[in-house]
Amino acid sequence: MDQVIDFINVNRDRYVEELKQYLAIPSISALPQHAADVRRAAEWTGDALRAGGMTDVRLIETPGNPVVYGEWLGAPGKPTILFYGHYDVQPVDPLDLWTTPPFEASVRDGEIYARGAADDKGQVFMHIKAVEAYMQKAGALPLNMKFFIEGEEEVGSVHLDEFVRAHKQQLAADVVVISDSPMFDRGVPSICYGLRGLVYFQLDVRGTKTDLHSGSFGGAVANPAFVLAQVLAQMKDRGGRVKIPGFYDDVRPLSEAERAEWRKLPFNETRYRKELGAPRLFGEKGYSTLERVWARPTFEVNGLLSGFTGEGAKTVLPAVAMAKVSMRLVPDQHPDRIAQLFEAYVKKVCPPTVELKVTRMHGGKPWMTEFDNKYVRAAGRAIQQGFGQTPVFNREGGSIPVVSTFQEELGLPSVLFGVGLPDENAHAPNEKLDLGNFHNGIIASAYLYREIADA
Ligand code: BES
Ligand code: ZN
């Protein structure tokens, strides 16, 4: 083990240089013009796995982007980890807010800046390097490992449920390991035991067949921008509660015990607010900030588009208005049921003065696990060894759609051990990963395999 850790320490700078190459590939799954880059990232991932000593490495086609698979099964009788991550990234707009270009990784103050640095290439690479260190120094891993790295996570993993069902045998394992989430805070490593789910919609409202002079026609027809604003305004009350009938029916109430645990976490609300640059925090009445983000569902507007938004003034009635909206879900809400409730409600509250088109997009189920299992305890010890600190247990507000599928289809628990940070700027300009956490993460991953092997 000492040799493995020494190897990781000696190779620290090389890892960063290699990661820069990975981060240079603009594998944006949401944008069709990047399809070739997405494939290149898949191939790069496969090459890295091969170089790390994994066997049977290959790209497996799906109706969308390929899955990268690689395994090492040389430890019969020992447990098998199914490692899951993603090589695709989010779009980079608004580009002008990036200090350095998103696909030319740049290191400043001990952090590496690039799209995908934290979410998720940096964290995937961390495990590939931990494996490589074992293979170089010990010629073997202490357990069996299967890498399963997909290219459609950022667009909702739409082909993955089917893929998992069709490859049950190949993906069979004892535990899933995922590093695709932030830690609780700088210096406070964590293990995440819950994620929210998601349903996403696009709403298109049409008022007239073309834009109109607002003097000649204003007052005679409904304005779609205004109607859309009125429709959206009916989704939540002023106390932050979602008004869709039935929305809360299946929400699992937060236990007093869990609330008490969360109150003990080192969370500084004022600092949080200031870092976000918000004049005030806002959320559902009766819940703390952590409770709102981790254990309560929300309705959000992701984007709005209508009418004249250029410089100056133009007197016009827009013909159309569009909104992208989404709901984060918590156990035991089901995306399909919430989608039905939302669709029925939005159609009911939208007046007949406009045409409304409702399009459902991607989503995912919420997930939560009992964290008192031997693998989670093993992860706790590994994090202690890698970071010199005992991890806290947290839930997260984000979603990883396939996690609940691993549970339901393969019967596997997941251990979410992330090394990002709350200020990592995932999905935003200037995404970054702390290189100290990246390095400690490689060491902790190496310990994790050994701890799980003996668990
Ligand atoms: N890494 C995130 C998931 C995440 C975010 C976990 C924050 C914990 C905290 C992942 O890459 C992601 O962004 N997922 C999407 C899923 C969606 C497209 C279905 C998300 O949460 O928006
Ligand atoms: Zn993401």
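As the structure lists them, so they are numbered: ligands from 1, and atoms in each ligand from 1.
- Using a 4.0 Å heavy-atom cutoff, Arg328 is listed among the residues neighbouring ligand 1.
- At least one heavy atom of His427 lies less than 4.0 angstrom from ligand 1.
- Both the sub-6.0 Å distance and the 45° axial angle are satisfied by Arg108 relative to the ring of Tyr113.
- Ligand 1 lies less than 4.0 angstrom from a heavy atom belonging to His86.
- For the pair Ser399 and ligand 1, the shortest N or O to N or O distance falls below 3.5 Å.
- Against a heavy-atom cut-off of under 4.0 Å, Glu396 is close to the following atoms of ligand 1: 8 (C), 9 (C).
- Because the distance cut-off is set at 2.8 Å, His427 qualifies as a neighbour of the Zn ion (ligand 2) through one of its N, O or S atoms.
- The shortest separation from a heavy atom of Pro401 to ligand 1 is under 4.0 Å, placing the residue in contact.
- The aromatic rings of Tyr84 and Phe406 stand perpendicular to each other, their planes meeting at an angle above 60°, with 30° marking the opposite boundary.
- The Zn ion (ligand 2) does not have Asp120 among its coordinating residues (no N/O/S atom, backbone or side chain, under 2.8 Å).
- A salt bridge is absent between Lys146 and Glu71; no separation between the charged side-chain nitrogens and carboxylate oxygens falls under 4.0 Å.
- Ligand 1 lies nowhere less than 4.0 angstrom from a heavy atom belonging to Asp120.
- Salt bridge annotation for Glu284-Arg292: absent, with no cationic side-chain nitrogen under 4.0 angstrom from a carboxylate oxygen.
- Taking the ring axis of Tyr22 as reference, the NZ or CZ atom of Lys121 stays within 45° of it and closer than 6.0 Å to the ring centre.
- Within ligand 1, the atoms closer than 4.0 Å to a non-hydrogen atom of His362 are 18 (C), numbered from 1 in the order shown.
- Of all protein heavy atoms, the one lying nearest to atom 5 (C) of ligand 1 is Gly398 CA, 3.8 Å.
- Residue contact check: Ile400 has heavy atoms under 4.0 Å from atoms 3 (C) of ligand 1.
- By the 4.0 Å N-to-carboxylate-O rule, Glu17 lies close enough to Lys20 to be salt-bridged with it.
- Atoms of ligand 1 found under 4.0 Å from any heavy atom of Pro182, numbered from 1 in the order shown, are 8 (C), 9 (C).
- Using modelled atom types and a 3.5 Å distance limit, the side chains of Asp37 and Ser27 yield no donor-acceptor pair.
- In Glu154, the N, O or S atom that comes nearest to the Zn ion (ligand 2) is OE2.
- When the heavy atoms of Asp119, Asp180, Asn302 are ranked by distance to atom 6 (C) of ligand 1, first place goes to Asp180.
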* Evaluate the side chain to side chain donor-acceptor pair (under 3.5 Å) criterion for residues Ser157 and Glu150: first the C-alpha distance (whole Å), next the side-chain angles of each, then the deciding distance (0.1 Å), finally the verdict. => CA-CA 8 Å; Ser157 303; Glu150 69 146 323; 2.6 Å; yes

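- Atoms of ligand 1 lying under 4.0 Å from at least one heavy atom of Leu198, given by number and element, are 17 (C), 19 (C).
- When the Zn ion (ligand 2) is compared with the N/O/S atoms of Asp119, atom OD2 turns out nearest.
- Here Arg395 pairs with Glu258 in a salt bridge; the nearest charged N to carboxylate O distance falls below 4.0 Å.
- Relative orientation of the Phe125 and Phe438 rings is parallel, given thresholds of 30° and 60° on the angle between their planes.
- The only option from Leu412, Val177, Asn144 that meets the side-chain contact (heavy atoms from CB on, under 4.5 Å) definition with Leu82 turns out to be Leu412.
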